[in-house]
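Here's the structure we're looking at; comments come further down.
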Amino acid sequence: MIPQQRIRTRDVTFAFILAFGVAISAAAEAAAPLVKMQAPGYYRMMLGDFEVTAISDGTVDLPMTKLLTRTTPAESKRAYDRAFLKDPVETSVNAYLVNTGSKLVLIDTGAGKLFGPTLGTLIANLKAAGYQPEQIDEIYITHMHPDHVGGLAADGKPVFPNAVVRADKHDADFWLDPKTLAGAAKDDRASVEGAQASLAPYVAAGKFRPFEGEAELVPGVKAHASHGHTPGHTTYVVESKGQKLALWGDLMHVAAVQFPNPAVTIQFDSDSKLAAAERKKAYADAANQGYWVAAAHLPFPGIGHLRKDGTGYAFVPANYSIPR
Ligand SMILES: [Zn+2]
Ligand SMILES: [Zn+2]
């Protein structure tokens, strides 16, 4: 009897400690749940007298092996392996805000609601960065794909009520033409409709002003034609006090693949041969001159420099810096 009773008592005590211990550790875990959020998506740097803020619209997973052209799945896989990436590749969507001191200029507007639930955070991040949509004076569009113009309008109203919107005439003529929508393949209809709906409130208010080719739009910000990805794709060059930043838009999409091999193209290109030629020119110029570059789909904040590396190029992301 006695030994058995002892065993029972010991078992009960052991079970109690176990249960109590588990309860304590469960309570400790519950006190600090996983946060699962990123830091506010903005990154700021000075460019001469100008303040440049990269604004994140979020990220989207893209099946790059399927989307890339003039390459092979094996070549893409080798490039992802070298970059520790997996397909689908989580791809940033970035916009850039330039405060010249007299004008506040936004370059591209993210996707709004046009490209799924993981994008459309531009306004929240703009506000986190210390600005309000009403303060934007000018919006320069690199091209009218949904992930660049979708943020312009919401429910038929302009998101930036005081802004003038500018884009190359060739993109406007293509995307806003009713004939483009009428002739669009089934898969392309949503993109055309998205572009038209995004621009419509600005067109109606007389606040959409296309330009053609090379133009200085405000002092220190120039449009540079880099047609190919779309008929009017445009790069914007920002310059202050001898410092220069080229905002590339969609001149390239997949850093891991298209820096080592600039000849690789993507299905989104309307003229992939021309797009590749513009990319090669832009890479060579940036590497030779050593100015800053930024692109809409480089990993956020997507700002850095380029240097020649073998037969291709290497991207050197900006060293983390606090403006002063
Ligand atoms: Zn695009
Ligand atoms: Zn894009």
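Counting starts at 1 for both ligands and their atoms, following the listed order.
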Report, one line per pair, each donor and acceptor closer than 3.5 Å where one atom sits in a side chain of residues 316-324; sequence neighbours left out.
none

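At least one N/O/S atom of His297, from backbone or side chain, sits under 2.8 Å from the Zn ion (ligand 2). At least one N, O or S atom of His143 sits under 2.8 Å from the Zn ion (ligand 1). Among the atoms of His233, no N, O or S atom is found under 2.8 Å from the Zn ion (ligand 1). At a cut-off of 2.8 Å, His229 coordinates the Zn ion (ligand 1) through an N, O or S atom.
Distances from the Zn ion (ligand 1) to the N/O/S atoms of His145 are shortest for ND1. Note on Asp250: its N/O/S atom closest to the Zn ion (ligand 2) is OD2.
At a cut-off of 3.5 Å, with distance as the only test, no side-chain donor of Thr142 or Thr234 sits close to an acceptor on the other residue. Between the side chains of Asp168 and His233, no donor-acceptor pair of N or O atoms lies under 3.5 Å.
With the Zn ion (ligand 2) as the vertex, NE2 of His148 and OD2 of Asp147 span 90° to the nearest 10°.
Using the six-membered ring where Trp is involved, His145 and His229 have ring planes that are perpendicular, over 60° apart on the 30 and 60° scheme. Classification of the His297-His253 ring pair by plane angle, with boundaries at 30° and 60°, yields parallel. The aromatic rings of Phe259 and Trp248 are tilted relative to each other, their planes meeting at an angle between 30° and 60°.
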